[in-house]
There are 2 protein chains.
Amino acid sequence: MKRPTIADVARRAGVSKGAVSYALNGQPGVSEATRQRILAIAAEIGFSPSSAARALSGATADAVGLALCRPARILGIEPFFMELISGVEAELSARSYALTLQVVADQEAEIAVYRRWWAERRVDGVLVCDLRTNDIRVPALEELQLPAVVIGGPGHTGTLAHVWADDAAALAEAVEYLVALGHRRIARVGGLPSLLHTEIRTDAFAEVCGRLGLTDAATVWSDYTGEEGARATRRLLSSARRPTAVIYDNDVMAIAGLSVAQEMGLGVPADLSIVAWDDSPLCQLVHPPLTALGRDIPAYGAHAARQLLAVIAGESVGGLQDETAHLTPRGSTAPPRVR
Amino acid sequence: MKRPTIADVARRAGVSKGAVSYALNGQPGVSEATRQRILAIAAEIGFSPSSAARALSGATADAVGLALCRPARILGIEPFFMELISGVEAELSARSYALTLQVVADQEAEIAVYRRWWAERRVDGVLVCDLRTNDIRVPALEELQLPAVVIGGPGHTGTLAHVWADDAAALAEAVEYLVALGHRRIARVGGLPSLLHTEIRTDAFAEVCGRLGLTDAATVWSDYTGEEGARATRRLLSSARRPTAVIYDNDVMAIAGLSVAQEMGLGVPADLSIVAWDDSPLCQLVHPPLTALGRDIPAYGAHAARQLLAVIAGESVGGLQDETAHLTPRGSTAPPRVR
DNA sequence: CTGAAAGCGCTTACAG
DNA sequence: CTGAAAGCGCTTACAG
């Protein structure tokens, strides 16, 4: 099957290629009647302009890039990324933008991908995940002047546009809720310490625990996987003054923690209360269902995509604060059993 | 920052643009010494050929498309897709191919996306998921002559290349294992009945149960979500002659089933044995860990991508049988408690 | 309001 | 082995 070109449309409409281009792109320079006729013919023969030809003529690539820097096993198990992607995609495809995805091994490789995308003119802009403190990707993108939106913050985003959520406030809400239930020994199993949002949560956890006079509050590090979450939980629950409540930085570790508690013969929530970040459907799959801090991740992705399209359009875009995660109490939290 | 073009490289190397093109693409027509010099200069100034210009000159788009037809909530929670994507992506990026992702609402929308991609020359080929019986996407792709590899089968793939796994054999292995443990009343919670692989598993389940003389074997339908998996499990466990073992078509439903059993006061595995398909890390997160039918999904994706690149290269490619899922026994299966 | 033409940055026959 | 040139399919000033 031969692909129709703009010349085919022009010939059938009896106009020049230029006129077809104007008609399709909603530019002035063609009468309304002609425009309608051209549009009808284009639809009839199934014409869509070659994205390569458009991109080459100085127009945009109509594509946005997303590089993911996590190993496959973590990418697969965390609902976060797929939900984010589906939100990004929904916004992009509504504007006929394509999403180009690439998995990278580390930040250097990610920067190399950005350079290549830029040199190839393959994407009009990129979405940046997993922001770190003093992230080397930020100056690299600034230097390339490749439109970019950082998903994360606040802070450490340089001059780049970004969308962020107030994790500190959400964490404080969770701690205050546990304290209100009567908990005094609260621990937190954190995600990768190199990520900015982990650091923000760690600082917020220390701040709120200090403010509430909790002296036994400790953060232990993990990497978002179930194995590490389980290991961290075993360590916490084996300690002399074991916590009566644990907050996990993601749903997968929280579920692993629940399983460890059951394995150790501890009742949840009687002996141990559990709170998870990322209120994915996983949290409601287990028994008891997990109290979780959640927000609309597809919407977060959609907002980031919208910001990026604005940056690409040349608008001046700064930071956008997204909804703060809110706590949904379920069966995994209760007042601590008096011992 | 100005993007370097082939002319910049040619000027600095003191050769024609054609020579640079030959050198970069490994074509004859340039001496080895010149080639090395050109390559060095290209690397030095960070030149990558414009993908648009390459695509327009009749070369390939160097991109492959993947349309996903599942709602965000299912896409997010099932590790399968993200694992598949990361495998696809690993293979593609090793050959400098980009992956273009689009989420679609239904098969008609998916076909429209294929038509647009084809007309826009945006991708060189596509990967097709979630094959159905008499799938309307197959003839549509055949008509477009858009290179495609179907991930699924056997059967119903028309003339398209495909990769598939023998789910019937894997299911038989699981049933035989349960029967060997002493189970006679085995149920199955199936996935979306419209999908071909669900149908294949259903037929295989009926066949092997018949062969082994299990008269109470029943398949109930679900949709891969935890809610539906839980509902189906409640129904099964409330029946007069409730099964002593259940096989679930995915990990998410199996975990939901485990949770329902616990909620109903049934011991797993003492009162109920559970087997899950898709041995993702989720299966080892719960307590007891789930016996599961698993295989290497990233590798499956990589094989599909490799097949697609072969089709794009014009090679004659048929069906490729991938590894059969194998059973990993864990704590969720045991001989049935005598009642 | 319309047409003819240049140009985007490559690839690839075609001459030398 | 190398260079000059056509052409891919668009967009967009530039004339009319």
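In the text below, chain A, chain B and the rest are named by the order of the sequence lines, each starting its count at 1. Worth knowing before you read on, the calculation uses all heavy atoms, side chains too, and leaves out hydrogens, waters and symmetry mates.
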Integer-rounded Å distance: [N] [atom2] and [X] [atom1]:
| X | N | atom1 | atom2 | answer |
| --- | --- | --- | --- | --- |
| A/Lys17 | D/dT11 | NZ | P | 10 Å |
| B/Gln27 | C/dT11 | CD | P | 9 Å |
| B/Ile6 | C/dG7 | CD1 | P | 19 Å |
| A/Arg121 | C/dC8 | CZ | P | 11 Å |
| B/Tyr22 | C/dA13 | OH | C1' | 7 Å |
| B/Asn25 | C/dC10 | CG | C1' | 10 Å |
| B/Arg35 | D/dC1 | CZ | P | 9 Å |
| B/Leu24 | C/dT11 | CG | P | 7 Å |

Look at the side-chain N and O atoms of [X] and state whether any lies under 4.0 Å from the OP1 or OP2 oxygen of [N].
| X | N | value |
| --- | --- | --- |
| B/Ser57 | C/dT11 | no |
| B/Ser50 | C/dG9 | no |
| B/Ser21 | C/dT11 | yes |

**Study point:** Flag for B/His156-B/Asp135: side-chain donor and acceptor within less than 3.5 Å
**Key:** no
Practice item. Indicate whether any N or O donor in one side chain lies under 3.5 Å from an N or O acceptor in the other, for B/Glu120 and A/Ser50. Key: no
Review point. Is there a Watson-Crick or G-U wobble partner for C/dA13 with both distances under 3.5 Å, and which nucleotide is it?
Key: none
**Study point:** Paired nucleotide for D/dA4 [Watson-Crick or G-U wobble; both distances under 3.5 Å]
**Key:** none
Practice item. Take B/Ala7 and A/Gly29, find for each the nucleotide of DNA chain C with the closest heavy atom, and name the residue whose nucleotide sits nearer the 5' end. Key: A/Gly29
Revision key, fill the gap. Correct closest heavy-atom pair for A/Phe81 and B/Met82 would be CB-CE, 4.4 Å
Review point. Under 4.0 Å between a Lys/Arg side-chain N and an Asp/Glu carboxylate O for A/Glu143 and A/Arg115?
Key: yes
Practice item. In plain terms, say whether B/Arg295 and B/Glu323 are close enough for a salt bridge, that is, a side-chain N and a carboxylate O under 4.0 Å apart. Key: no
Review point. Out of D/dG3, C/dT2, C/dG9, which nucleotide sits closest to the side chain of B/Ala19?
Key: D/dG3
Exercise for review: Give one of base, sugar-phosphate or nothing for B/Ser31, where a contact means two heavy atoms less than 4.0 Å apart.
Suggested key: sugar-phosphate
Review point. Contact class for A/Thr5 vs. all strands (heavy atom < 4.0 Å): base, sugar-phosphate, or nothing?
Key: sugar-phosphate
Revision key, fill the gap. Assign each of B/Val15 and A/Arg54 the nucleotide of DNA chain D bearing its closest heavy atom; nearer the 5' end lies the nucleotide of B/Val15
Review point. When you match B/Ala119 and B/Gly18 each to their closest nucleotide on DNA chain D, which lands nearer the 5' end?
Key: B/Gly18
